Structures are given as structure tokens and as C-alpha cells.
**Q** 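Before anything else, here's the structure in question.
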Amino acid sequence: MASCYSVTPIMEALQKSMQNTPPKASSHAMWWGTLGTVRPFPNFNSEKDARDIQTALESKDSDVNTLVRILTNRNNAQRQSIAESYRNLTQKELCPALKKAVSGGLEQLMLGLMMTPSQFDAHRLRQTMEGIGTDEESLLAVLCTKSPQQLKDATIAYKQEFGRYLENDLISETSKDFTKLVLAILKKEELNSKEMVDYQLIDQDVKALNDAVNGKKKDPAPWIQVLTMRDSNHLNRVLSRLEDLRGETVDKTVQSHFSGDLRLGFRTLVVSIPSIPLFLAQRLHSNIKKGSLVQGILISHSEEDLLCVRIEYRRLTNTSLYSTLQKEYKGEMQQALLALCRSEDL
């Protein structure tokens with residue numbers, strides 16, 4: 001049977017997408033070698049941006065358009081420099097000033113832009129556990145789309161931002177095998193060698209996963225171990241072999257043999273492993289009206305792989321992400337989201 005566990009062929013579409021980036025991009029070497037949409041702004045001057053932001057904040061009713069235009073057209077490092085220049089210029093912090101100028105979803109977006117990537121990941125994780133009950137789907141979506149190093153950085157930022165330990169909060173908000181799974185994802189270490197294809201380990205992992213669901217009592221331990229301790233290339237081979245062996249998709253195997261939050265966790269992993277951009281495109285398509293979710297993906301991936309997400313969204317829906325955002329959102333929120341998305345994919 002045909003397997004979905006192969007490298008997604010995005011390069012041709014990606015080249016077309018790169019042609020839609022602003023013309024100045026080609027003259028700045030830093031813009032290349034990234035699959036993000038937000039890149040270093042050319043001729044950047046943090047002092048000038050800080051003065052323009054101060055003027056916008058002090059204008060009657062605040063010039064929100066200027067705030068959005070500047071902050072969505074600078075990369076994260078440049079935004080941190082603007083915050084420092086604003087502090088030196090006004091002896092005040094920028095984020096409290098932004099909170100007074102904007103509200104609602106736009107406030108959430110602007111404050112998210114001013115966080116470092118690790119701070120933003122920490123806040124997204126905290127949001128999934130606040131209030132009544134835990135949003136397991138959103139929690140998994142963050143954990144499963146971050147690298148081991150990004151998760152380590154987010155764990156440190158979580159303690160700095162909230163004075164709490166992320167691991168302890170995950171333990172208190174989850175239970176049983178699902179707790180073991182989320183902690184394994186949080187601390188994931190890719191122990192297989194990336195220098196070579198280890199066919200013996202592939203066979204070993206396929207057997208372990210298959211044996212774990214063949215007995216009367218299903219054993220989640222091998223699934224937790226394999227899915228959180230191997231890199232994606234190795235796992236693509238393992239899951240493809242498992243599908244060939246069982247004659248069904250891995251997603252169907254998971255649905256048939258596990259239940260509850262654990263099933264959701266395994267499904268999220270096996271869907272995101274082949275292609276994180278496709279997984280994110282599917283989440284955007286299913287939740288395009290949920291502003292906080294859309295913001296989270298666009299901000300978090302704008303300097304990482306949002307070009308790939310755009311391409312997968314276009315393939316999935318036959319509509320560009322840019323056009324969809326244009327249709328679903330209005331005003332300054334539309335302006336901000338379109339700036340992060342960057343351009344059309346024809």
C-alpha cells in the first residue's frame with residue numbers, strides 16, 4: 001500500500017513562493033536560507049522605529065496602523081532591539097504601552113510579537129493549561145512541532161515567566177500513560193544515529209510497535225519510547241514499514257488500539273512526523289476562525305517554516321492561506337496576519 005511517510009515534495013512550489021517575496025529580498029544575504037516569511041528588515045534602525053512607535057502611541061486614539069506595520073515587518077531580534085531603544089528613549093517599557101493602545105485579539109498578537117521565541121512557546125503552553133480543564137489538542141500541537149532544543153528553551157522560559165516548573169504543571173494537568181507521553185515529548189532525545197540509516201534499529205522498532213498492539217493487553221510503552229526517541233527520517237521509515245506489515249495506516253492502528261488522551265497524543269505524533277508544515281496547514285484549515293490559534297502558528301513559525309505551511313495549505317485547500325486570512329479577518333488584525341503570512345501563493 002502507498003504510504004504517507006515520505007519526504008513532502010515542496011521544493012518546486014517553494015521556489016515559486018520565493019518569487020512572491022518583496023523585491024528587496026534578493027539583495028540581502030540574510031534573507032536566504034530560511035523557510036520563514038518574516039526576515040530581517042533591510043536598513044534597520046531601531047532608534048527610528050522606537051521614535052515612530054512613540055509618536056504612534058502618543059497620537060490621538062493611537063496610530064495602530066503604524067504599530068502593526070513596524071512590528072510585523074521586523075524579525076524577532078529586531079523587535080527586541082526596538083524594545084530596548086524604546087526603553088532608552090522613554091524610560092518606559094514598550095509592552096505596557098502597547099496594551100494601552102490595543103485590545104482583544106490584536107493586543108494578544110502584538111504582545112506575542114514582542115516575546116522571544118522561547119517566551120512565546122512558554123506562554124502558548126501555559127495557555128493550554130489555564131482555566132477549567134486542559135486543552136490537550138493545543139498542548140500536543142505545540143509540543144509535537146518543536147525541536148528538542150526549542151522545548152528545552154521553552155522549559156527554561158516557562159520557569160522565568162511564571163515561576164513554575166513546566167514538568168510539574170504537565171504532571172498535575174494530565175494522568176497515567178498520557179503523562180508519560182507528554183513528558184517524553186518534552187524531554188525527547190533523538191538517540192538514533194543521523195549519520196546513517198540503521199536498518200537493524202528500524203526492524204527492531206517496527207517489531208516493538210507491532211507486538212505492542214498484537215497482544216490482548218495493549219502496551220503503550222514501546223510506542224512512547226520509539227515515537228519520542230528517534231528523529232523524523234528514521235520514524236518515517238519505521239511507520240512506513242509498519243503500515244506495509246499491518247496493511248493499514250498507522251493512524252488507523254492507533255485509533256483501533258488506544259483510547260482517550262493517549263490516542264490523541266499518538267495520533268498527533270504520527271500525523272505530524274511526516275510533515276510538520278502539513279500538520280499545521282491542517283490545523284489552520286480546521287480552525288481558521290480561531291484567532292488565537294491562527295496567531296500562535298503564524299507568529300511561532302514566521303521565521304522558521306511558514307513558507308512550507310503556506311504551500312501545504314494551498315495544496316490541501318486549493319486556496320492560498322493569504323486569501324483565506326484576507327476573507328476571514330478585517331481591519332488591523334487582517335493587516336497584521338497578512339504581514340506575517342507575507343504574500344499570495346498562486
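The figures that follow rest on heavy atoms only: side chains count, while hydrogens, waters and symmetry mates do not. Sequential numbering from 1 along the given sequence is applied to the chain's residues. Being a predicted model, the structure only gives us computed values, none of them experimental.
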**Q** Quick one, Leu325 with Ile288, criterion side chain to side chain contact (heavy atoms under 4.5 Å, CB included). Give me CA distance, side-chain angles, the key distance, then yes/no.
**A** CA-CA 8 Å; Leu325 295 171; Ile288 199 65; 4.1 Å; yes
**Q** Enumerate the residue pairs fulfilling side chain to side chain donor-acceptor pair (under 3.5 Å) with a member in residues 212-222, sequence neighbours excluded, ordered by first and then second residue.
**A**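 As it turns out, the side chain to side chain donor-acceptor pair (under 3.5 Å) pairs with a partner in residues 212-222, which skip direct neighbours, are Asn214-Arg246.
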**Q** Of the non-hydrogen atoms in Leu183 and Glu167, which two are nearest, and what is the gap between them?
**A**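 Answer, listing the atom of Leu183 first, then Glu167: CD2-CG, 3.6 Å.
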**Q** Can you find a pair of side-chain heavy atoms, one from Leu166 and one from Lys159, that are under 4.5 Å apart?
**A**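 Not touching, per the 4.5 Å side-chain cut-off.
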**Q** How about Lys176: does its NZ atom have over 12 heavy atoms from other parts shown lying under 6.0 Å from it?
**A**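 No, not enclosed.
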**Q** Can you find a heavy atom in the side chain of Leu293 that is under 4.5 Å from one in the side chain of Arg283?
**A**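 Yes; the side chains approach each other to less than 4.5 Å.
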**Q** For the CG atom of Leu269 and the CG atom of Leu181, what is their distance to the nearest 0.5 Å?
**A**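 The distance works out to 6.0 Å.
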**Q** Sequence neighbours left out, what pairs pass ring pair (Phe, Tyr, Trp, His ring centres under 6.0 Å) with at least one residue falling in residues 61-96?
**A**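 Every pair satisfying ring pair (Phe, Tyr, Trp, His ring centres under 6.0 Å) with a residue in residues 61-96: there are none.
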**Q** Dump the intermediate steps for side chain to side chain donor-acceptor pair (under 3.5 Å) on Arg342 and Asn73, then the final yes or no.
**A** CA-CA 9 Å; Arg342 220 33 157 212; Asn73 281 281; 3.2 Å; yes
**Q** So, do Pro117 and Asn76 sit near enough that their side-chain heavy atoms are less than 4.5 Å apart?
**A**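 Pro117 vs Asn76: side chains touch.
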**Q** Who pairs with Glu189 by side-chain contact (heavy atoms from CB on, under 4.5 Å), at least two apart in sequence or on another chain?
**A**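 In terms of side-chain contact (heavy atoms from CB on, under 4.5 Å), with neighbours along the sequence ignored, Glu189 is linked to Leu191.
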**Q** In chain order, what residues pass the side-chain contact (heavy atoms from CB on, under 4.5 Å) check against Glu173, with sequence neighbours excluded?
**A**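 Here the qualifying residues are Met129, Thr134.
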**Q** Can you find a heavy atom in the side chain of Ile82 that is under 4.5 Å from one in the side chain of Phe44?
**A**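 Side chain of Ile82 against side chain of Phe44, heavy atoms only: contact under 4.5 Å found.
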**Q** Linking I/L/V/M/F/W/Y whenever their side-chain heavy atoms sit closer than 4.5 Å, directly or via other members, would Ile171 and Phe178 fall into one cluster?
**A**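 They do share one cluster, since a chain of ILVMFWY contacts under 4.5 Å joins Ile171 to Phe178.
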**Q** Quick one: does Leu113's side chain get under 4.5 Å of Thr72's, heavy atoms only?
**A**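 Side chain of Leu113 against side chain of Thr72, heavy atoms only: contact under 4.5 Å found.
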**Q** Answer whether the closest heavy-atom distance between the side chains of Ile185 and Leu140 falls below 4.5 Å.
**A**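 Yes, at least one pair of side-chain atoms sits under 4.5 Å.
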**Q** Please list all pairs meeting side chain to side chain donor-acceptor pair (under 3.5 Å) that have one or both residues in residues 90-100, counting only residues at least two apart or in different chains.
**A**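 Listed once each, the pairs are Arg87-Glu93.
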**Q** Between Val294 and Asn287, which heavy-atom pair has the shortest distance, and what is it?
**A**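 Smallest heavy-atom distance, with atoms named: CG2-O, 3.8 Å.
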**Q** Please list all pairs meeting side chain to side chain donor-acceptor pair (under 3.5 Å) that have one or both residues in residues 299-309, counting only residues at least two apart or in different chains.
**A**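 Listed by first then second residue: Arg124-Ser300, Lys146-Ser300, Gln150-Glu304, His301-Asp305.
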**Q** Is the closest side-chain donor-acceptor distance between Gln255 and Asp251 under 3.5 Å?
**A**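 Yes - a donor-acceptor pair under 3.5 Å links their side chains.
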**Q** Does either side chain, that of Asp169 or that of Tyr158, offer a donor lying less than 3.5 Å from an acceptor on the other one?
**A**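 A pair is found: one side chain offers a donor N or O, the other an acceptor, under 3.5 Å apart.
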**Q** Does the side chain to side chain contact (heavy atoms under 4.5 Å, CB included) test come out yes or no for Leu143 and Thr268, once each step is laid out?
**A** CA-CA 10 Å; Leu143 292 175; Thr268 303; over 6 Å; no
**Q** Please step through side chain to side chain donor-acceptor pair (under 3.5 Å) for the pair Asp153 and Gln149, ending with a clear verdict.
**A** CA-CA 6 Å; Asp153 293 342; Gln149 186 58 54; 3.0 Å; yes
**Q** If two hydrophobic side chains count as joined below 4.5 Å and joins carry through other members, does Met115 share a cluster with Ile156?
**A**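 The answer is no; the residues belong to distinct hydrophobic clusters.
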**Q** Is any side-chain heavy atom of Ile273 less than 4.5 Å from a side-chain heavy atom of Leu227?
**A**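 Side chain of Ile273 against side chain of Leu227, heavy atoms only: contact under 4.5 Å found.
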**Q** How close do Cys341 and Thr37 get, counting heavy atoms only, and between which atoms?
**A**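 Heavy atoms only, the tightest pair is O-CG2, 3.5 Å.
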**Q** Let me check something: do Val197 and Leu201 share a hydrophobic cluster, defined by ILVMFWY side-chain heavy atoms less than 4.5 Å apart, either directly or through other members?
**A**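 No, no single cluster joins them.
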**Q** Checking side chain to side chain contact (heavy atoms under 4.5 Å, CB included) for the pair Arg164/Arg126: CA distance, chi angles, key distance, verdict?
**A** CA-CA 10 Å; Arg164 310 164 65 98; Arg126 182 70 194 139; 3.7 Å; yes
**Q** In plain terms, say whether Asp345 and Arg310 are close enough for a salt bridge, that is, a side-chain N and a carboxylate O under 4.0 Å apart.
**A**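 Salt bridge: yes.
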**Q** Under the rule for ring-ring contact (aromatic ring centres under 6.0 Å, His included), what residues qualify as partners of His123, not counting sequence neighbours?
**A**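 Phe162.
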**Q** Which atoms form the tightest heavy-atom contact between Gln295 and Gly105, and what is the distance?
**A**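 Closest approach of Gln295 to Gly105, heavy atoms only: NE2-O, 3.1 Å.
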**Q** Do Lys180 and Asp177 sit within salt-bridge range, that is, some charged N less than 4.0 Å from a carboxylate O?
**A**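 Judged by the 4.0 Å cut-off on N to carboxylate O distance, Lys180 and Asp177 do form a salt bridge.
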**Q** Run the ring-ring contact (aromatic ring centres under 6.0 Å, His included) test against Phe266 and tell me which residues pass, sequence neighbours left out.
**A**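 Phe266 satisfies ring-ring contact (aromatic ring centres under 6.0 Å, His included) with Trp223, Phe258 only.
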**Q** Indicate the atoms forming the closest heavy-atom contact of Val206 with Arg241, along with that distance.
**A**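 Heavy atoms of Val206 and Arg241 come nearest at CG2-CB, 3.6 Å.
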**Q** Identify all side-chain donor-acceptor contacts of residues 52-59 below 3.5 Å with residues at least two apart in sequence or on another chain.
**A**
residue, atom, partner, partner atom, Å
Asp52, OD2, Lys48, NZ, 2.8
Gln54, NE2, Glu58, OE2, 3.3
Thr55, OG1, Arg51, O, 3.0
Ser59, OG, Ala56, O, 2.8
Ser59, OG, Asp63, N, 3.0

**Q** Go through Leu35 and Leu306 one step at a time and tell me if the side chain to side chain contact (heavy atoms under 4.5 Å, CB included) criterion holds.
**A** CA-CA 6 Å; Leu35 299 176; Leu306 193 54; over 6 Å; no
**Q** Hey, what do you get for OG1 (Thr128) to CD (Glu137), rounding to the nearest 0.5 Å?
**A**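 Result: 11.5 Å between the selected atoms.
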**Q** Can you name the closest pair of heavy atoms from His234 and Asp205 and give their distance?
**A**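 The pair with the smallest heavy-atom distance is NE2-OD2, 2.8 Å.
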**Q** Please, which pairs that meet side chain to side chain donor-acceptor pair (under 3.5 Å) have at least one residue in residues 325-335, sequence neighbours excluded?
**A**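 Counting only pairs at least two positions apart or across chains, the side chain to side chain donor-acceptor pair (under 3.5 Å) contacts touching residues 325-335 are Asn65-Gln335, Lys289-Glu328.
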**Q** Who pairs with Met114 by side-chain contact (heavy atoms from CB on, under 4.5 Å), at least two apart in sequence or on another chain?
**A**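 With neighbours one apart ignored, the set is Leu71, Arg79, Ala83, Leu94, Cys95, Leu98.
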**Q** Working to the nearest 0.5 angstrom, can you tell me the gap between Asn75 CG and Phe41 CZ?
**A**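 Between Asn75 CG and Phe41 CZ, I get 11.0 Å after rounding to 0.5 Å.
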**Q** Is there a path of hydrophobic side-chain contacts, each under 4.5 Å between heavy atoms, that joins Ile276 and Leu316?
**A**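 In one cluster with Ile276: Leu316, no.
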**Q** Run the numbers on Ser46 and Ser81 for side chain to side chain donor-acceptor pair (under 3.5 Å), then give the verdict.
**A** CA-CA 6 Å; Ser46 64; Ser81 295; 5.4 Å; no
**Q** Quick one: list whatever passes side-chain contact (heavy atoms from CB on, under 4.5 Å) with Ser323, sequence neighbours left out.
**A**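 Ser323: side-chain contact (heavy atoms from CB on, under 4.5 Å) contacts with Thr319, Ser320, Glu344.
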**Q** Could you tell me whether the side chain of Leu109 reaches within less than 4.5 Å of the side chain of Val68, counting heavy atoms only?
**A**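 The answer is no; the side chains never approach within 4.5 Å.
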